[in-house]
Amino acid sequence: MAQLKRRGARAGRIGTSSARQRAGRQARVRKGAKLVYFFGGGRAEGDASMRDLLGGKGANLAEMAGLGLPVPPGFTITTEVCTYFTHHGGKYPPALRGEIERNLARIEAEMGRRFGDPRHPLLVSVRSGARASMPGMMDTVLNLGLNADTVEGLIRESGSPRFGYDCYRRFIQMFGDVVLGLKPESRTEVDPFEELIDRKKATRGVRLDTELTAADLRDLAGEFKQLIKQRLGIDFPEDPMQQLWQAIGAVFRSWENPRAITYRKLNRIPDEWGTAVNVQAMVFGNLGDNCATGVAFTRNPATGEAGLYGEFLANAQGEDVVAGIRTPQEITRAASVQRALESGLSETDRRRCFPSLEESMPQCYADLRRIARQLERHYRDMQDLEFTIERGRLWMLQTRNGKRTAAAAVKIAVDMVRERLIDKRTAVLRVQPGDLEQLLHPQLDRSAKLDVLARGLPASPGAVFGEVVFSADDAVAEVRNGKKVILVRIETSPEDIHGMHVAEGILTARGGMTSHAAVVARGMGKCCVVGCGDLNIDYARQRMQVNDREIRRGDWLTLDGSTGEVIAGTVPTIRPALALEFATFMKWADSFRRLKVRANADTPHDSGVAREFGAEGIGLCRTEHMFFEGDRIDAVREMILATDRAGRERALAKLLPMQKGDFLAILRVMAGLPVTIRLLDPPLHEFLPATDKEISALAQRTGISEGELRKARDGLHEANPMLGHRGCRLAITYPEIYAMQVRAIVEAVCELRADGVKVEPEIMIPLVGHVRELEILRRETLAVVAEVAKRYGVKVRLPVGTMIELPRAALCADEIAREADFFSFGTNDLTQTTFGLSRDDAGRFLPAYVERGIYPVDPFVSLDRRGVGELIRLGVQRGRAARPPLKVGICGEHGGDPDSVMLCHQLGLDYVSCSPFRVPVARLAAAHAALRRDNAAPRED
Ligand code: PEP
Ligand code: MG
């Protein structure tokens, strides 16, 4: 474990210098640095702590070999070589050749075979392996070392011409695709190699690849080579050493391919990390019925349930399981029985069609279980394993911390504390705050009528609906047009990543729980159903047949990622019930955090939701939303259209009881907790009708002429309304508006108190830029408070604070604090006014700013540390210096963004306030902030 801890410490240093400096430093391989690390035969030169240098896969292969587990021997070429390669126009450090040759000789010695030897040929796999796991993002070549001579040796040794030629044609196919770049020419074109296979099957009159004979496969290998010659004008390389160097170069180059770049961008992986290359002796899962290949998780990655969970394919090679070409079988008997039950198979049929690994290869299953346990205890985290069984012998090809759904992450974290594998601090840090939103996602309302079309495998939970699209590009285009889409594919590949990212959900016809679609969707927290065999997809005609129904592009479809159901049309959704572990986990998180978490809510319903999610108060109750409800908008409009104070007061008198009713309800729901009520903020024209139709309807209801209404609307027109007559400026000109709102609040307080309800409202004045504004409005507010309290014959003391949402307010916070009982940073407006960016219009060009790296992220999503953050820092410092201990919070949308919560913690704020559904996210983010920064001890309740 000491080594594993060191790895964490090293990762923590990333980001201390500029990207350019780092890239420059890494472009030079350190003098005398080792470029290649060997593993195998019970020993290894590397270990799990060397992830930065060996990549995740290489470091873990070394660790497993070092633990004495059965790992085929191999070597890892370091990430430093990749960075060198990228910065030196595809050249290698001079010492690399010798190091590779020496290490290849070590593999040969371990395996008792030679690379390129026609009698006992050594074959290797060449795989990428970056520091952070990037599933399916990079390329792999298997069976490297085969040529016209060595294939004959392989056939002699295996005794199976079919096996030998199958390996050979697979190698040419992968090498042709990954290394030589022979790809389909369009998204709708079938893979040219697959097309040749299909043609061969058609001429031979067979349906399955497995029905092709050795001669067919031999011919196919020849046809593949011809295809390469025709399309690319080159001969397929016969020299194994040349094959190896070309493959290594291709893996290094694949770090720069568009899908790897997209993945890095989405997951904030620095470009300069580079990938390592792993060259490893091949073991074969396709040598007969006592062979298999598979993937397994040490716990269920969808639910977190303890116990080995996974899939395998008998007599199959390499990527077949992950690629989802054949639907795999279950590892455990229990899972196989469950699957048979779901698909109505009898026990006899199950045993015949889907025997589990546990039943068909009991010894290998027992070994796998033992190793899985050992690895989980060693890494103290759920592991994602790849394995191959060659002639009854188990080989481990990979282990890494497994990706999991949020529900699984919470359950695993809680269970592992109970199993004494990790402590509470580690458990809390194991779940990413943003992922919790997934848990709170709505589920299908099962009382609704469901038109279930088909059922696939429930790969990633959630309930979503959208219009069907059949390609990733179409998904992106439709989402740009404001639509919600479900991406439907036969199977997904890394090239679909951009479409998967924007789609509501993903549905595939093929593939298992560990297929590309399943793994990636789970990582993204996206609803996903895979392996839905009833879908008959026709890309060319943009439609699919589902049993006897036809679904076309643009039709609505609903997916349930927890049951695997595919449902026609749209289905209403409801809030999910949370597992018991969730409450325990959140309690632990709460014990570590310092920041309080409140919610932005302006209805009794939302306040109730916020409270259930653990909000410790309301940080922003926007009163304007209440002005739109029911028929009260007419009274609001009457107030706006009034030409004198008396007219306005008449209209406001109609609003008073309604506002009071709102406050009574919200304060009652939030009894015992603070509720910050913000007085009216938006420009008044927002309440007036916009269209001619609305104007004539209003004219009829109020008796005011249409002409007068238009005149009033035009009179309120402003060139820059967000910088105009809004916020506290409204009350400077029309004090009676705030007076009515304050009266409603205080009357509600007095009446609730009389009922014995404990209420803690706070009055907040928006858009203050000058202390005099606050001074005047505070005095007027307190006068109304005193007047109402006197009328009720009680004492009322209400804190009056302000929002800090203008740069001037932040800079003059010392003056403003003298008039404020609290500050709440309105970072939506503060971001808008600091950047000079309209929050309503910037969407048109902000993506280009992020794309071109001008802003690292959208500043309306995640707080800009350098600019807005600096204003917050100054505001807090100056405000508290003038009025200690000033309470300070934040109520912009950033309050629910984990990175922004971290900043708020660092700047010493007292609380963050965010939308009710993000309250748990903010609670966990606040715990992470505390744990990462100052190793806080748990708070005693
Ligand atoms: C803000 O500006 O951050 C804020 C919370 O207020 P609003 O979004 O209502 O302008
Ligand atoms: Mg604001």
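Numbering of ligands and ligand atoms starts at 1, following listing order. Since the model is a prediction, treat every value here as computed from it, not as a measurement.
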| Between H894 and S862, does any side-chain donor sit less than 3.5 Å from a side-chain acceptor? | no
| said: Can you name the atoms of ligand 1, numbered from 1 with element, that are less than 4.0 Å from a heavy atom of G826? | reply: 1 (C), 2 (O), 3 (O)
| message | Could you tell me if R678 and S824 have a donor-acceptor pair between their side chains, going purely by distance under 3.5 Å? | response | no
| query | Any side-chain heavy atom of C621 sitting closer than 4.5 Å to one from M764? | reply | no
| request: Determine whether the side chains of T623 and Q741 contain a donor N or O and an acceptor N or O closer than 3.5 Å. | output: yes
| task | Name the closest protein heavy atom to atom 9 (O) of ligand 1, giving the residue it belongs to and the distance to 0.1 Å. | result | R622 NE, 2.8 Å
| note | Numbered in order shown, the ligand 1 atoms found under 4.0 Å of a heavy atom of D681 are 10 (O)
| task | Write out the residue and atom name of the closest protein heavy atom to atom 6 (O) of ligand 1, then the distance separating them to 0.1 Å. | result | R678 NH1, 3.0 Å
| query | Heavy-atom count around Y849 OH within 6.0 Å, excluding the residue itself: above 12? | reply | no
| request: Could you tell me if any non-hydrogen atom of M803 lies under 4.0 Å from any atom of ligand 1? | output: yes
| query | Any idea which atoms of ligand 1 are less than 4.0 Å away from a heavy-atom of E805? | reply | 1 (C), 2 (O), 6 (O)
| task | Give the numbers and elements of all ligand 1 atoms closer than 4.0 Å to a heavy atom of C891. | result | 5 (C)
| field | Where the Mg ion (ligand 2) is the vertex, angle from D829 OD2 to E805 OE1 to 10° | value | 100°
| request: Report the nearest protein non-hydrogen atom to atom 3 (O) of ligand 1: residue, atom name, distance rounded to 0.1 Å. | output: N828 N, 2.7 Å
| request: Tell me which part of L620 gets within contact of ligand 1: side chain, backbone, both or neither, using heavy atoms under 4.0 Å. | output: side chain
| Is there a donor in the side chain of R932 and an acceptor in the side chain of Q906, or the other way round, less than 3.5 Å apart? | no
| field | Main-chain N/O of A820 paired with R883 side-chain donor or acceptor, under 3.5 Å | value | yes
